[in-house]
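This report refers to the structure that appears directly beneath it.
Letters A, B, ... are given to chains in the order of the sequence lines, protein chains preceding strands, and every chain is numbered from 1. Keep in mind it's a predicted model, so treat the numbers as computed, not measured.
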Amino acid sequence: MQRREFLKISALLTGGLAISGTIFEELLAMSDEDLKAKFGVYPTYCEICFWQCAGWTHVNKDGVIQKITGNDKDPHCNGRLCPRGTGGIGSYFDKDRLKTPLIRVNERGQQKFREASWEEAFDLIEKKMKDISVKYGPESIALFHHGSGGKYFTNLVKAFGSDNIAKPSFAQCMGPREVAFANTFGTGLSSPEPLDIRDSKCLVLIGSHLGENMHNAQVQEMSDAIDKGATIITVDPRFSTAASKSKHWLPIKPATDIALLLSWINVIINNEWYDKQFVETNCDGFEQLKQHVQAFTPEWAYGITTIKPEVIVKTAKEMHDASPSVIIHPGRHTTWYGDDTQRLRAVAILNAILGNWGQRGGFYIPEKAEVPHFHLPEFPKPKWTWKDTTGGKYNLVDLGLSNAIVDASIPTKDSDKTKQVKGWFVVGTNLINTLPNTKRTLEAIQHLDLLVAVDTMPMEITGWADVVLPECTYLERFDSLRVSQNREANISLRMPAVKPMYNTKPAWWMARELGLRLGLKAYFPFKTQEEELDWELKEIGSSLKEMKKEGVKIVSKPEHELYIPKGSKFEFNTDSGKIQLYSAAIEAEGFSPLPVYTAHPEPEEGFYRLNYGRAPMHTFSRTANNPNLTDLMDENLLWVNPKIAKIWDLKENQLVKLKNQDGVVSTFAIKVRITERIRHDSVYMVHGFGHADARLTQAFGRGVSDTEMITNVMLDPIMGGTGMRGNFVTFVTDVNA
Amino acid sequence: MRYAMAIDTLKCVGCSDCVVACQTENNVPIGYCRDWVVEVTEGTYPQLALENRSERCCHCENAACVRCCPTGASHKEEGGIVVVTHEKCIGCAACIQSCPYDARYTHPDGYVDKCTFCLHRVNEGLKPACVSVCPTKCMYFGDLDNPESEISKVLKNRKWKLLIPEAGTDPKLYFLV
């Protein structure tokens, strides 16, 4: 098609009358690239999960979003989005979206709201924030966040004078891993994890169900590794998809992983299957480790894990044979049993002695773009933070604990009246289905003077808010650049493909408007996010114009080395510059400097351990109403072993409610899926279903919320994570009871 | 030219990305699909095997649906791709009855719809949407008559199976095992 013709048609389709002469001339003056951006594809990166794959939003000739595809240059996705990214359009078209600001008109929990203007909503928030600040201090405002919008509210809350800021992705997810690796290798792993899976010869997955969790590039690389004949070893009480791709599936008894890890370390050390030169050059504490693991023989582990000694030895040998191209996958959601930092320490140690750091097929050395931020004034120093309310615990943690902020919101007779959280901003995270022990979360909410929820959907948390601020979806807004580590440093742009639907706004704008009202203008120097993006991009030799065309830019420095020469000394960010097999820092906090196994409670008769996980087409509870994704899966099922189903006379698809060890009965019922893929001592469900807010018309009442059943929270004493796999459930077959 | 598709069941994780990508590419209404994923578990705990298969129209050489179509709406395009011309389709569903793979459905607008191997993309030199999106790269598409094509090579080097070969339809959807 000739360009002029294209323009004419485009002008007609976008409502010819609405396009004035000057705009039309402006269109004619645009380059072909800009036109493509104007009437075709727009760069974005996905907001449906934390992996943030870069892609293109395609707008059809009617100006309507048609599809989203991956950006070929993006190392997070290599041009291939996962089902959630492809189905991300459903977040835009979802008819249940939040459409305008809401203000609560009744008591909390009765979920009565009136529609409000942005002015009214901001007026109310401003007033309440000031009231709280006068009465309790600015520190009493807390922020929980997940996703892109969180950054702007972090800026707001810090500028206001509080550092009570937490992401559930830490204490409910990655925290133990990050603390364990920081106290072994001197650095957490961050995201995407620097795992060289594509060239790995042996990939060990411990409860990590790649393929069911669609951590995109990792799933792709697992597939590459399968193609290249890699050995996969999966440790999982459930026959996961990954287990089905594995040479060795170790159907471990739940909650015994540390015993297996210790015996693997025992076998690898005693058979001299570890990387001697690497250990000598780069590790501290090997002799203590060797001595420590002597008791943990495969025979010892067999009695605990139910994994046969010869299987433990054989799989350890596989790791050795593949080393250094071997990865003991550190996982991501690691808050299981409360001794999670110790378990992840064992994982870190096992990786370390196999000498895979900085090696092809092991851990690569990641690179991250250095993008300067506009210089802001110093944030006021808060008088206290959540840490001051925990009685001197968690000194190895430098990120906020959501659960500690919840605790600090519930006054007790002993709690310090000068350190109370009274206001919450909850941005892009549905705390009701995210934090274990829903009852406690709700109790905390009832003590608040202000709860502001920012979301695109009427998630449960918005039902408890005083003010609900409707965010437009990622397809309708700019956001900060995506700057994540990878094999090569890269940046990615998100720009709107269409105008925001309804009366919705980007979080960037909301935070700034509130900042201006609170006299914090200096912390919000840019009038639009485009200005800010352009300023940042120009600092690194690019521009908004360029990124609109490219979407992703690789900004790797030539001196960056992905691997370190085998046998060389590497400077780790620890006190001694070496890997800490023996952690003096953990010892100084009063915990075992080397990982130990502790037995965990087991289910009583008639009860089954509640395990939960992910489905490839959903992200936690946030996609449970997405029309495209619910078309693939619209409820979770309860996996039950056939033997157990027989005992209980359960039939396939029969609806049951669940009752846990504390007597909590699920609000909704769940269909039974009778399958050999689950052990007799546990049941399994996909996390994120059983939504209780009727405004989520697709998701309401479908399946059971695992979070609701998790009332026994096993706190990790080292880092405060909430271990969630120590809950046991039984079946309530009379669902109307 | 004979177009065919192969799915590597050793790599497929059953994520259903192929299904969503097809829906958004081809305006398949929510609630319907041109492709779908089948999961088959065999054995008893812990001796288990699991197979995931992304299934769709097999674009059979001997296509029952084409033979039984009273209006000629179901027909073959170049390369053996079986397509329904929506305008010619009267929605009688004889083809749906005849298909051993249950690969067709009646679109809410009244015509019968099914996988086209994304003919509109193939004509532009692109791969079908499902093949392009698959995160595990478990899907192969190409010309069986070209011995140098990726699909010819993979079928030569790997074991494969067909679905319901006894139906005698000579399907063009291969599953690598």
**Request:** Test side chain to side chain contact (heavy atoms under 4.5 Å, CB included) on A:D631 and B:Q23 and set out the steps.
**Result:** CA-CA 10 Å; A:D631 198 27; B:Q23 286 172 322; 2.8 Å; yes
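Contact annotation for A:N628: both backbone and side-chain heavy atoms come within less than 4.5 Å of a heavy atom of chain B. Only the side chain of A:N641 comes within contact range of chain B, with heavy atoms under 4.5 Å apart. Proximity to chain B involves both the backbone and the side chain of A:R679, based on heavy atoms less than 4.5 angstrom apart.
A:E221 has no carboxylate O lying under 4.0 Å from a charged side-chain N of B:K11, or vice versa, which leaves the two without a salt bridge.
The aromatic ring centroids of A:W639 and B:Y45 lie 6.0 Å or more from each other.
Within residues 73-112 of chain B, no residue has any heavy atom less than 4.5 Å from a heavy atom of chain A. Using a 4.5 Å cut-off between non-hydrogen atoms, the part of residues 123-139 of chain B that approaches chain A consists of B:V131, B:S132, B:V133, B:C134, B:P135, B:T136, B:K137. For residues 66-75 of chain A, the interface with chain B (any heavy-atom pair closer than 4.5 Å) comprises A:Q66, A:K67, sorted by residue number.
Chain A forms more heavy-atom pairs under 4.5 Å with one residue of B:G31, B:A21, B:C33 than with any other, namely B:G31. The candidate from B:L50, B:D8, B:L10 with the greatest count of non-hydrogen atom pairs under 4.5 Å with chain A is B:L50.
Scored by the salt bridge (charged side-chain N to carboxylate O under 4.0 Å, His left out) test, B:E61 finds B:K172 as partners (sequence neighbours excluded).
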